[in-house]
*Asks:* 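Dumping the structure here so I can ask a few things about it.
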Amino acid sequence: MSSFLALNHVSFSYHSPQGELPAMTDVCLSIEKGEFISVVGPSGCGKSTLLSLICGLLPPEEGEILIEGLPPGASDVRIGYMLQRDHLFEWRNIFSNVCLGLEIQKTKDEESTAYTEQLLKTYGLEDFRQVRPSELSGGMRQRAALIRTMTLHPDLLLLDEPFSALDYQTRLEVCDDIATIIREAEKTAVLVTHDLSEAISFGDRVIVLSSRPARVKADIPISFDGMLSPLERRNSNAFYQYFNMIWEELKKDA
Ligand code: ADP
Ligand code: MG
């Protein structure tokens, strides 16, 4: 059976008047439906580029990317993107912020609005529908950003360091929160991060990238006894073993 998402020998370079900047070289990766993948690598190694390639914003220079057997543009799979900054608009209240995707897609109707209301309730924001983003905590804002993504029923979620703008304690809580939401919704997710602990606490697998141009240095399955939340994982003994193992991989020949 073919994978849900496959990258076969993908290479990519940025071209500018100053010359060519290779960002990724010969990356092979395969992800099954429902899997949670963390991708970890040093800053500037090509992690965001990887997500742009997966969602079809950038075309691979060599190799191919297939989502359910088709290139990103041709596939029906819906992709949701979550970024480091929540990009909530201060001039819209929370309800109208989380409806933005529906408005852009012109799919805001009774059914999608009811679903949005349900998401706000499930994620504890229903009492904040009328408030402005600046009145929410960083964690609540990130939850609102996730709801805005979820209203579009994405099959694949791409998360680009979505917790890195938060302070440490909020970051732990929000990572826990958001991982649980995405798992319960049975989505497939790719989280890129430069934070090794975050990668291990979130993923079923950790892909370690080299420094730029990114290549896959290691692909490490992560398993804990039982279904642990990210916070519970951080407190388990296996966590430290994974941490040391992946830290060694990251350090190897940079
Ligand atoms: P990461 O997300 O791992 O920090 P990126 O994928 O954003 O890394 O970038 C990888 C490399 O490509 C970096 O050296 C970055 O400066 C460069 N880069 C990113 N976007 C562009 C662009 N649009 N044009 C030229 N170079 C870019
Ligand atoms: Mg990045």
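In each ligand, atom 1 is the first atom listed, and ligand 1 is the first ligand listed.
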*Asks:* Within the 4.0 Å heavy-atom shell around Lys47, which atoms of ligand 1 are there?
*Replies:* 1 (P), 2 (O), 3 (O), 4 (O), 6 (O), 8 (O)
*Asks:* Roughly how far, to the nearest 0.5 Å, is SG of Cys45 from NZ of Lys217?
*Replies:* 9.5 Å
*Asks:* Answer with yes or no whether Ser16 contacts ligand 1, where contact means a heavy atom under 4.0 Å from a ligand atom.
*Replies:* no
*Asks:* Cation-pi check for Phe95 against Arg129: NZ or CZ below 6.0 Å from the six-membered ring centre and within 45 degrees of the axis, yes or no?
*Replies:* yes
*Asks:* Starting from atom 20 (N) of ligand 1, what is the nearest protein heavy atom, named by residue and atom, and what distance separates them?
*Replies:* Tyr14 CZ, 3.3 Å
*Asks:* Verify the distance criterion only: is there a donor paired with an acceptor across the side chains of Glu161 and His194 at less than 3.5 Å?
*Replies:* yes
*Asks:* Looking at Phe128 versus Tyr123, is the centre-to-centre ring distance below 6.0 Å?
*Replies:* no
*Asks:* Quick one: look up the protein heavy atom nearest atom 8 (O) of ligand 1 and list residue, atom name and how far away it is.
*Replies:* Gly46 N, 3.2 Å
*Asks:* Does the pair Glu61 and Ser13 meet the rule for a side chain to side chain donor-acceptor pair (under 3.5 Å), with working shown?
*Replies:* CA-CA 7 Å; Glu61 220 159 46; Ser13 301; 3.3 Å; yes
*Asks:* Closest non-hydrogen protein atom to atom 13 (C) of ligand 1, residue and atom name please, with distance?
*Replies:* Gly44 O, 3.6 Å
*Asks:* Find all atoms of ligand 1 within a distance of less than 4.0 Å from any non-hydrogen atom belonging to Thr49, and give their numbers and elements.
*Replies:* 5 (P), 6 (O), 9 (O), 10 (C)
*Asks:* Any N or O on Ala23 sitting closer than 3.5 Å to an N or O of ligand 1?
*Replies:* no
*Asks:* Nearest to atom 7 (O) of ligand 1, what protein heavy atom do you find, and at what distance?
*Replies:* Ser48 CB, 3.7 Å
*Asks:* Please determine whether Ser48 has a backbone or side-chain N, O or S atom lying under 2.8 Å from the Mg ion (ligand 2).
*Replies:* yes
*Asks:* Once you measure the plane-to-plane angle for Phe243 and Trp247, does it fall in the parallel (<30°), tilted (30-60°) or perpendicular (>60°) bin?
*Replies:* parallel
*Asks:* Using a 4.0 Å heavy-atom cut-off, say whether His194 meets ligand 1 through its side chain, its backbone, both or neither.
*Replies:* neither
*Asks:* Quick one: does Ser43 get an N or O within less than 3.5 Å of an N or O on ligand 1?
*Replies:* no
*Asks:* Any ion pair linking Lys47 and Asp160 (charged N to carboxylate O, less than 4.0 Å)?
*Replies:* no
*Asks:* Which bit of Leu21 is near ligand 1, meaning a heavy atom under 4.0 Å away: side chain, backbone, both or neither?
*Replies:* side chain
*Asks:* Looking only at side chains, do Ser75 and Glu68 share a donor and an acceptor under 3.5 Å apart?
*Replies:* no
*Asks:* For ligand 1, is Gly41 a contact, meaning one of its heavy atoms is under 4.0 Å away?
*Replies:* no
*Asks:* Looking at atom 16 (O) of ligand 1, would you say a protein heavy atom lies below 4.0 Å from it?
*Replies:* no
*Asks:* For atom CZ of Arg92, is the number of surrounding heavy atoms from other residues, nucleotides or ligands below 6.0 Å larger than 12?
*Replies:* yes
